[in-house]
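The analysis underlying the following values was restricted to heavy atoms, covering all of them including side chains, and did not include hydrogens, waters or symmetry mates.
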Amino acid sequence: MSETRTVIVEREIPFPPEKLWRALTQPHLIEEWLMKNDFKPAVGHRFNLRGEWGGVLDCEVLAIEPHKTLSYSWDFTHDDPAYGMKSVVTFTLTATEKGTHLRMEQSGFRPDQKQAFGGAKAGWQQFFTNLEQLLAKSN
């Protein structure tokens, strides 16, 4: 098996980890910044993320440490191996003086998945922008 690549997006969010955690773990909030879902914050819970583009991601919660770490599988089945993927998304929250340092790491991109890798790099930037907008308008 050849080496896989990882997308890492980091951002300073001007809100406390508790507020950010709610947006990462409550289904109605996840839907607003990421995708429709049936997420439950429980290790072993299998859920789907349904994209506006019609794709369905098969996911499973792998790790939870409230207000600090959330990790889940992010698998997409596709006839074209360049698009089919098995990856893991991990969010790490670190409290800072001004709010929270949010780090997202999506690992598992094969070298032949350049388009998926590029799409994830751009996509996560947009998801984080959506997340910040959601946090700014919610109490």
Side-chain angles (χ1 to χ4, degrees):
M1 180 78 189
S2 55
E3 283 200 26
T4 59
R5 295 167 53 185
T6 300
V7 170
I8 296 173
V9 178
E10 297 185 80
R11 202 174 278 189
E12 290 294 326
I13 308 277
F15 298 99
E18 296 76 17
K19 184 168 184 170
L20 194 48
W21 185 256
R22 282 194 301 275
L24 293 177
T25 59
Q26 293 185 3
H28 67 287
L29 296 176
I30 296 168
E31 181 174 344
E32 284 198 48
W33 71 269
L34 185 61
M35 292 180 222
K36 291 183 177 175
N37 66 91
D38 54 347
F39 179 85
K40 284 191 184 106
V43 172
H45 175 69
R46 293 181 178 277
F47 65 102
N48 294 121
L49 291 170
R50 293 175 292 288
E52 290 177 2
W53 39 276
V56 177
L57 299 162
D58 297 309
C59 307
E60 179 180 349
V61 179
L62 303 173
I64 291 181
E65 187 178 350
H67 309 135
K68 294 191 173 162
T69 308
L70 172 63
S71 182
Y72 47 81
S73 61
W74 177 285
D75 299 343
F76 183 60
T77 304
H78 196 281
D79 294 338
D80 182 341
Y83 294 99
M85 66 178 297
K86 290 191 173 297
S87 66
V88 173
V89 171
T90 302
F91 297 98
T92 306
L93 290 67
T94 306
T96 63
E97 285 183 19
K98 297 179 179 174
T100 306
H101 179 86
L102 176 60
R103 181 180 200 269
M104 185 290 310
E105 182 176 316
Q106 184 175 9
S107 59
F109 293 93
R110 296 186 315 273
D112 65 336
Q113 295 180 309
K114 288 182 176 57
Q115 198 162 357
F117 182 79
K121 281 177 85 167
W124 281 110
Q125 293 290 349
Q126 183 59 53
F127 290 145
F128 273 26
T129 297
N130 296 348
L131 176 61
E132 284 192 82
Q133 290 170 350
L134 169 67
L135 292 167
K137 72 179 184 181
S138 65
N139 295 326

Any residue meeting ring pair (Phe, Tyr, Trp, His ring centres under 6.0 Å) with H101, in chain and number order, not counting sequence neighbours: none
Taking the inter-plane angle between the rings of [X] and [Y] on a 0 to 90° scale, is it parallel (under 30°), tilted (30 to 60°) or perpendicular (over 60°)?
X	Y	value
F128	W33	perpendicular
F47	H45	parallel
F127	W124	perpendicular

Straight-line distance of [X] [atom1] to [Y] [atom2], nearest 0.5 Å:
X	Y	atom1	atom2	value
E12	T94	CD	OG1	9.0 Å
K36	L49	NZ	CG	12.5 Å
F39	L34	CZ	CG	10.5 Å

In terms of hydrophobic clustering (I, L, V, M, F, W, Y; side-chain heavy atoms under 4.5 Å; direct or indirect links), are [X] and [Y] co-clustered?
X	Y	value
L62	V7	no
I30	V88	no
F91	M35	yes
L93	L29	yes

Expected output: side-chain [X] to main-chain [Y] donor-acceptor under 3.5 Å:
X	Y	result
T25	W21	yes
T100	F15	yes
Q113	G84	yes
S87	W74	yes

Looking only at heavy atoms, what is the nearest atom pair of [X] and [Y], with distance?
X	Y	answer
Q125	K121	CG-O, 3.3 Å
I64	P41	CD1-C, 3.2 Å
A95	P17	CB-CG, 3.8 Å
V56	F76	O-CD1, 3.4 Å
A23	L134	CB-CD2, 4.3 Å

Checking [X] now: which residues fulfil side chain to side chain donor-acceptor pair (under 3.5 Å) with it, not counting sequence neighbours?
X	answer
D75	none
S71	T90
N48	D58

Are any of the side-chain heavy atoms of [X] and [Y] separated by less than 4.5 Å?
X	Y	answer
L131	L20	yes
Q106	V9	no
M85	H78	no
E132	P14	yes

message: Looking at R46, I'd like to know if its CZ atom is crowded, meaning that more than 12 non-hydrogen atoms belonging to other residues, nucleotides or ligands lie closer than 6.0 Å.
response: no
- request: Can you establish whether the number of heavy atoms outside E52 located under 6.0 Å from its atom CD is more than 12?
  value: no
task: For V89 and M104, run side-chain contact (heavy atoms from CB on, under 4.5 Å): C-alpha distance rounded to whole Å, both residues' side-chain angles, the deciding distance at 0.1 Å, then the answer.
output: CA-CA 7 Å; V89 171; M104 185 290 310; 4.0 Å; yes
query: Considering residues at least two apart in sequence or located in another chain, which fulfil the salt bridge (Lys or Arg N to Asp or Glu O under 4.0 Å) criterion with E32?
result: K137
task: Answer yes or no on whether R5 is positioned over the face of F117, meaning its NZ or CZ is under 6.0 Å from the six-membered ring centre and within 45° of the axis.
output: yes
- request: Could you list the residues that satisfy side-chain contact (heavy atoms from CB on, under 4.5 Å) with Q115, not counting sequence neighbours?
  value: Y83
query: Would E65 and T92 count as a side-chain contact (heavy atoms from CB on, under 4.5 Å) if you check the C-alpha gap in whole Å, the side-chain angles of each, and the deciding distance to 0.1 Å?
result: CA-CA 9 Å; E65 187 178 350; T92 306; over 6 Å; no
message: Can you see whether T6 engages E105 through a side-chain donor-acceptor pair at a distance of less than 3.5 angstrom?
response: no
